[in-house]
Undergrad: 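Below you will find the structure I want to go over with you.
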Amino acid sequence: MSVGYILVNVEPGAELEVLNSASKLPFVIDANLLFGDHDLILKIQAENMRDIAQLVVKSIRSMSGVTNTKTLACAEL
């Protein structure tokens with residue numbers, strides 16, 4: 001299994017709505033609000049990095065209120 005962290009920026013005032021929606025996605029292991037340059041961080045798990053990329057594009061970036069994402073892929077040594 002592959003793990004990735006997704007840094008998410010949202011429209012002002014949409015933080016809790018996006019957090020609640022993202023938390024319900026079956027591949028999201030953990031979701032937290034942040035202070036600073038990003039609004040949320042999501043920990044996600046999938047079979048491989050290709051699947052993670054597809055989940056980010058199809059399920060997270062398409063959420064209402066999401067303005068930007070940055071995916072951090074965990075190293076698989």
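What you are looking at is a predicted structure, and each value in this text was computed from that prediction instead of being measured.
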Undergrad: In the structure I gave you, are the side-chain heavy atoms of I44 and I29 within less than 4.5 Å of one another anywhere?
TA: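 No, side chains not in contact.
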Undergrad: Are any side-chain N or O atoms of D39 and backbone N or O atoms of V10, one a donor and one an acceptor, separated by less than 3.5 Å?
TA: yes
Undergrad: Any heavy-atom pair between the side chains of H38 and V8 that's under 4.5 Å?
TA: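 A side-chain contact under 4.5 Å is absent here.
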Undergrad: Mind checking whether V56 and R61 have side chains closer than 4.5 Å, heavy atoms only?
TA: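 Counting from C-beta outward, V56 and R61 do come under 4.5 Å.
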Undergrad: Once you round to the nearest 0.5 Å, how far does OG of S64 lie from CD of E17?
TA: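 Nearest 0.5 Å value for the OG-CD distance: 5.5 Å.
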Undergrad: So, using side chain to side chain contact (heavy atoms under 4.5 Å, CB included) as the criterion, who are the partners of D37 when residues are at least two apart?
TA: none
Undergrad: What pairs with I41 under side chain to side chain contact (heavy atoms under 4.5 Å, CB included), at least two apart in sequence or on another chain?
TA: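 Result, side chain to side chain contact (heavy atoms under 4.5 Å, CB included) vs I41: Y5, L7, N32, L34.
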Undergrad: Can you check whether N9's main-chain N or O pairs, donor with acceptor, with T67's side chain at less than 3.5 Å?
TA: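 Checking the backbone N and O of N9 against the side chain of T67, a donor-acceptor pair under 3.5 Å is found.
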Undergrad: Using the rule side-chain contact (heavy atoms from CB on, under 4.5 Å), only one of T71, V66, L55 pairs with I6; which is it?
TA: T71
Undergrad: Looking only at heavy atoms, which two atoms of M63 and A22 are closest? And how far apart?
TA: CE-N, 3.4 Å
Undergrad: Would you say E15's side chain and G13's backbone share a donor-acceptor pair under 3.5 angstrom?
TA: yes
Undergrad: Distance from Q45 atom CD to C74 atom SG, nearest 0.5 Å?
TA: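 With rounding to 0.5 Å, CD (Q45) is 10.0 Å from SG (C74).
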Undergrad: Treat each ILVMFWY residue as a node, draw an edge where side-chain heavy atoms are under 4.5 Å apart, and state whether L72 and L40 are in one component.
TA: no
Undergrad: Using every non-hydrogen atom in the two residues, find where S23 and A31 come nearest and quote the distance to one decimal.
TA: OG-CB, 3.6 Å
Undergrad: Taking all heavy atoms of A46 and all of I52, pick out the closest pair and write down the distance.
TA: CB-CG1, 3.6 Å
Undergrad: Less than 4.5 Å apart, any side-chain heavy atom of K43 and any of V28?
TA: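 Answer no - side chains too far apart.
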Undergrad: Could you tell me the separation between the OG atom of S2 and the CD atom of E47, rounded to the nearest 0.5 Å?
TA: 7.5 Å
Undergrad: With the 4.5 Å side-chain cut-off for hydrophobic clustering, are V57 and F27 part of the same group?
TA: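 No, separate clusters.
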Undergrad: Quick one, L42 and D30 - any side-chain contact, counting heavy atoms below 4.5 Å?
TA: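 Side-chain contact under 4.5 Å: no.
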